[in-house]
**Student:** 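Before I ask anything, here is the structure I am working with.
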Protein chains: 2
Amino acid sequence: MWDVAVTLKDLARHVGVSITTASRALADYDDVAEETRQRVREAAEQLGYYPNITARRLQKRRNDTLGFIIPTADPRFADPFFSEFMAGIGNEAARKDYDLLVSTHSPDSPGEKAAYERATRGGWVDGLIVVRTRENDGRIQLLCQSNFPFVAFGRTDDDLNFPYVDEDSTAGMRLLVQHLIGLGHKRIGYLSPPAGLMFGTYRRCGYYETMAEYDLPVDESWVIEGDMTQRGGADAVGKLLNLDPPLTAIICGNDLMAIGTMNRLQNLGINVGRDIAVAGFDDIPWAAYTAPPLTTIRQPIYKIGQQTCSMLINIINGWEPENTHIMLTPELIVRESSGTRLGNGRR
Amino acid sequence: MWDVAVTLKDLARHVGVSITTASRALADYDDVAEETRQRVREAAEQLGYYPNITARRLQKRRNDTLGFIIPTADPRFADPFFSEFMAGIGNEAARKDYDLLVSTHSPDSPGEKAAYERATRGGWVDGLIVVRTRENDGRIQLLCQSNFPFVAFGRTDDDLNFPYVDEDSTAGMRLLVQHLIGLGHKRIGYLSPPAGLMFGTYRRCGYYETMAEYDLPVDESWVIEGDMTQRGGADAVGKLLNLDPPLTAIICGNDLMAIGTMNRLQNLGINVGRDIAVAGFDDIPWAAYTAPPLTTIRQPIYKIGQQTCSMLINIINGWEPENTHIMLTPELIVRESSGTRLGNGRR
DNA sequence: ATTGACACCCAAAACGTTTTGGATTATACT
DNA sequence: AGTATAATCCAAAACGTTTTGGGTGTCAAT
């Protein structure tokens with residue numbers, strides 16, 4: 001194919017030294033004479049020696065590689081969550097000299113299962129990062145029982161004890177609901193992420209809990225489920241708009257749906273921020289640039305990615321972190337889409 | 001660490017057969033008896049045998065892994081181009097049973113150079129995908145001279161012959177300029193991607209060429225350089241707005257800058273689509289949801305990713321593709337940001 | 001009885017490292 | 001002179017596969 005590589009054997013022969021010595025010279029062992037080390041170094045440089053990573057990995061029985069299996073039904077994932085998260089783990093991994101292997105699989109698909117099985121056996125990667133935890137999450141169960149190193153972004157409903165980083169979605173949603181209530185809203189709809197996703201569950205809880213806390217009744221019809229895409233948000237508008245009396249605010253389980261929702265509302269001639277309040281969740285970069293800009297909850301996804309990755313590397317190396325259950329508190333970002341205080345003249 | 005893996009040796013001993021036979025049984029060679037094959041299969045299942053991928057790779061001298069080194073100055077790349085492109089190569093790679101190794105490095109940084117050197121030697125990956133080709137692109141030069149398998153998205157200005165997929169940016173820009181000229185615009189500004197990026201060069205050429213073609217003079221001050229981000233787009237507005245007589249349209253070298261531009265214009269109370277036309281380039285998903293929706297040029301990034309990846313895999317396997325220079329023609333997407341025909345009452 | 005064809009099996013080499021467990025030599029100390 | 005100590009070095013094993021180059025036994029045809 002291309003240039004055959006120069007191996008340690010070639011190098012050793014060229015210098016007139018054993019393979020062992022060559023290897024140890026390059027690895028800075030102190031049982032090789034300074035002068036020999038130099039000679040080996042120079043020869044390596046000159047011959048363009050580059051260690052074969054695969055051989056090294058086989059011998060060391062570690063890959064210095066992390067796996068990230070992106071759970072997305074749409075292979076063409078437009079969700080900025082994934083890219084930002086990946087940037088976080090990728091950079092942290094690189095900083096610690098780890099490679100990052102990524103692939104995508106539909107949640108709960110056979111392909112996903114196979115990918116996890118391949119990862120836990122066969123020395124494919126040294127550890128895995130799991131995102132978008134689900135109810136009764138098969139991935140977590142598999143990883144726990146095979147005792148494979150991993151860190152999840154998100155908790156689960158099993159009572160398995162595993163390392164995770166998570167944001168307190170319930171608290172985030174509480175902030176959002178309180179904000180709207182503070183503006184005078186009482187009839188607040190909720191467009192939920194699909195059932196089964198843990199973060200959706202927590203966000204939904206936050207919504208229900210806070211409404212209850214303020215003695216605001218919630219009708220079944222106010223809460224519907226979307227698919228986390230703009231289209232999903234747009235499609236939900238029809239149902240959410242047909243209520244009588246109408247909602248005065250809609251909270252969306254993520255920003256993408258909020259954007260779709262706003263867009264559809266505007267196409268129907270409804271002024272978001274004045275006629276109705278809309279809020280999202282995530283604070284993706286896009287959220288600051290919508291018209292009107294989107295009120296939302298900020299999660300530091302990039303940083304969460306970094307932390308998750310860093311924790312995983314610690315675990316792989318046996319440096320058990322002091323705290324393997326990290327919980328972050330999200331922050332309310334108020335922009336124009338949630339409008340100002342409801343006037344008396346409005347319902 | 002965790003469960004020690006069961007190896008081929010264990011399996012062979014358990015079945016009472018040689019390692020060779022066990023290996024060949026699992027690989028479906030026809031020189032092993034059907035009955036033996038069955039026994040090996042069952043034992044493998046029962047013992048939970050899983051081949052060690054690293055050992056296999058060492059022996060086969062191939063990794064079945066592709067590398068993708070993302071060239072981004074901002075580690076926290078928000079550019080949807082990368083995620084969509086990666087989705088394309090990732091899914092194509094998975095379909096063909098290849099793994100995808102990703103990392104990010106600043107363009108032209110020492111780290112990037114090191115990453116490419118590591119990749120070409122040492123059997124890290126079997127092939128590389130290169131994006132955002134640059135003028136006098138060191139990556140391409142290195143890969144060409146070390147004869148390492150790769151495919152680029154984008155051409156270069158060297159006269160190296162290498163496999164690439166590219167879109168005809170010049171033609172795309174021509175469509176855009178013609179569209180605006182057709183609406184009556186004569187004073188059209190251009191916010192260019194940074195110098196050095198090949199696609200920026202082609203787009204800029206398309207702009208200049210088409211203006212010249214229609215005998216429209218272009219003043220130096222109409223063309224400035226941005227950094228491809230929303231902020232860059234916003235920052236450019238100041239300079240582009242200070243002209244006398246003013247511009248009637250601004251073309252941005254990518255959608256992200258167009259979004260920033262529109263946003264800033266609107267904050268200044270200028271109505272995009274009526275007072276001034278704005279257009280972008282890329283048609284990122286976001287572009288359809290801006291207010292007003294963005295006129296732009298569509299590139300099928302996901303598909304380009306797939307094609308690039310597919311070509312690379314062919315090259316790695318020695319099936320030289322018939323055509324290693326694929327050129328795609330982009331498509332004009334007219335939305336409201338470019339407005340309607342310029343009235344007589346306007347300049 | 002020999003030969004050839006066939007079906008099935010396996011020992012050993014190979015892939016390119018790192019690690020183990022000494023071996024060799026020179027130097028310093030009794 | 002003998003012995004510990006330190007400084008260098010290296011042959012061989014190991015990592016877990018796949019591939020090479022046979023070997024053995026059976027059966028049918030000569």
Side-chain angles (χ1 to χ4, degrees), chain A residues 1-41 43-44 47-65 118 120-126, chain B residues 1-41 43-44 47-65 118 120-126:
Chain A
M1 185 72 119
W2 68 92
D3 315 340
V4 284
V6 21
T7 81
L8 200 52
K9 187 166 24 164
D10 304 331
L11 175 61
R13 184 167 29 205
H14 188 264
V15 183
V17 89
S18 78
I19 295 186
T20 309
T21 304
S23 171
R24 297 178 78 89
L26 294 175
D28 271 334
Y29 276 71
D30 62 357
D31 66 349
V32 23
E34 187 50 36
E35 190 256 341
T36 316
R37 190 199 319 286
Q38 288 302 341
R39 276 175 36 234
V40 173
R41 279 271 169 66
L47 298 188
Y49 168 74
Y50 226 85
N52 180 306
I53 294 190
T54 310
R56 180 184 299 198
R57 285 179 174 168
L58 175 58
Q59 150 70 30
K60 293 210 154 176
R61 253 145 315 168
R62 61 188 348 247
N63 285 62
D64 296 324
T65 301
R118 176 151 101 94
T120 55
R121 340 287 211 75
W124 187 49
V125 294
D126 297 331
Chain B
M1 185 75 113
W2 67 93
D3 315 340
V4 284
V6 21
T7 82
L8 201 50
K9 188 162 26 164
D10 304 331
L11 176 61
R13 185 167 27 209
H14 188 262
V15 182
V17 89
S18 77
I19 294 186
T20 309
T21 303
S23 171
R24 298 178 77 88
L26 294 175
D28 269 334
Y29 277 70
D30 61 357
D31 68 347
V32 22
E34 187 51 35
E35 190 254 341
T36 315
R37 191 199 318 285
Q38 289 302 341
R39 277 178 30 235
V40 173
R41 281 270 171 66
L47 298 187
Y49 168 74
Y50 225 86
N52 180 306
I53 294 189
T54 309
R56 181 186 298 198
R57 285 178 174 169
L58 176 57
Q59 151 71 30
K60 293 212 153 175
R61 252 145 315 167
R62 59 183 355 243
N63 287 71
D64 298 323
T65 301
R118 171 155 177 262
T120 56
R121 337 290 208 73
W124 188 48
V125 294
D126 298 330

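Just so it is clear, the structure is predicted and the values come from calculations on it, not from any experiment. Each chain gets a letter, A, B and so on, in the order the sequences are listed, and its residues count up from 1.
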**Student:** Just the rounded figure in Å: distance from P of dG16(D) to CZ of Arg62(A).
**Tutor:**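 For the pair Arg62(A) CZ and dG16(D) P, the rounded distance is 15 Å.
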
**Student:** Let me test you: for the helix from dA1(C)-dT30(D) to dT30(C)-dA1(D), what is the angle between the axes at its two ends (five pairs each), rounded to 10 degrees?
**Tutor:** 70°

**Student:** I'd like to know if Asp28(B) and Arg41(B) make a salt bridge, using a cut-off of under 4.0 Å between side-chain N and carboxylate O.
**Tutor:**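 Salt bridge between Asp28(B) and Arg41(B), a charged N being under 4.0 Å from a carboxylate O: yes.
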
**Student:** Which sits closer to the 5' end of DNA chain C, Leu58(B) or Gly16(B), going by the nucleotide each is nearest to?
**Tutor:** Gly16(B)

**Student:** For Thr36(B), which contact category applies under a 4.0 Å heavy-atom criterion: base, sugar-phosphate, or nothing?
**Tutor:**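 Answer is sugar-phosphate: Thr36(B) comes under 4.0 Å of backbone atoms only.
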
**Student:** Just N and O in the side chain of Thr21(A): are any of them under 4.0 Å from OP1 or OP2 of dC10(D)?
**Tutor:**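 Checking dC10(D) against Thr21(A), a side-chain N or O does come within under 4.0 Å of OP1 or OP2.
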
**Student:** For the residue pair Arg121(A) and Asn52(B), establish whether any side-chain heavy-atom pair is separated by less than 4.5 Å.
**Tutor:**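 Arg121(A) does not reach Asn52(B) side chain to side chain.
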
**Student:** Tell me: CZ of Arg13(A) to C1' of dC10(D), nearest whole Å?
**Tutor:**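 After rounding, the gap between these two atoms is 16 Å.
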
**Student:** How long is the gap from CH2 on Trp124(B) to OG1 on Thr65(B), to the nearest 0.5 Å?
**Tutor:** 10.0 Å

**Student:** Examine distances only and state if a side-chain atom of Asp126(A) and a backbone atom of Arg62(A) form a donor-acceptor pair shorter than 3.5 Å.
**Tutor:** no

**Student:** Knowing that exactly one of Arg24(A), Arg13(A), Lys9(A) qualifies, which makes a side-chain contact (heavy atoms from CB on, under 4.5 Å) with Ile19(A)?
**Tutor:** Lys9(A)

**Student:** Using side chain to side chain donor-acceptor pair (under 3.5 Å), reason through Ser18(A) and Thr21(A) one step at a time and then give a plain yes or no.
**Tutor:** CA-CA 5 Å; Ser18(A) 78; Thr21(A) 304; 3.0 Å; yes

**Student:** Under a 4.5 Å cut-off applied to non-hydrogen side-chain atoms, are Tyr50(B) and Arg118(A) in contact?
**Tutor:** yes

**Student:** Could you write nucleotides 17-26 of chain D as a row of B, S and -, 5' to 3', where a protein heavy atom under 4.0 Å of any base atom gives B, of only sugar-phosphate atoms gives S, and otherwise -?
**Tutor:** BBBB------

**Student:** Give, for atom NE2 of His14(B) and atom CG of Leu47(B), the distance between the pair rounded to the nearest 0.5 Å.
**Tutor:**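 Rounded to the nearest 0.5 Å, the NE2-CG separation comes to 5.0 Å.
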
**Student:** In whole angstrom, give the distance that lies between atom CZ of Arg37(B) and atom P of dA7(C).
**Tutor:** 13 Å

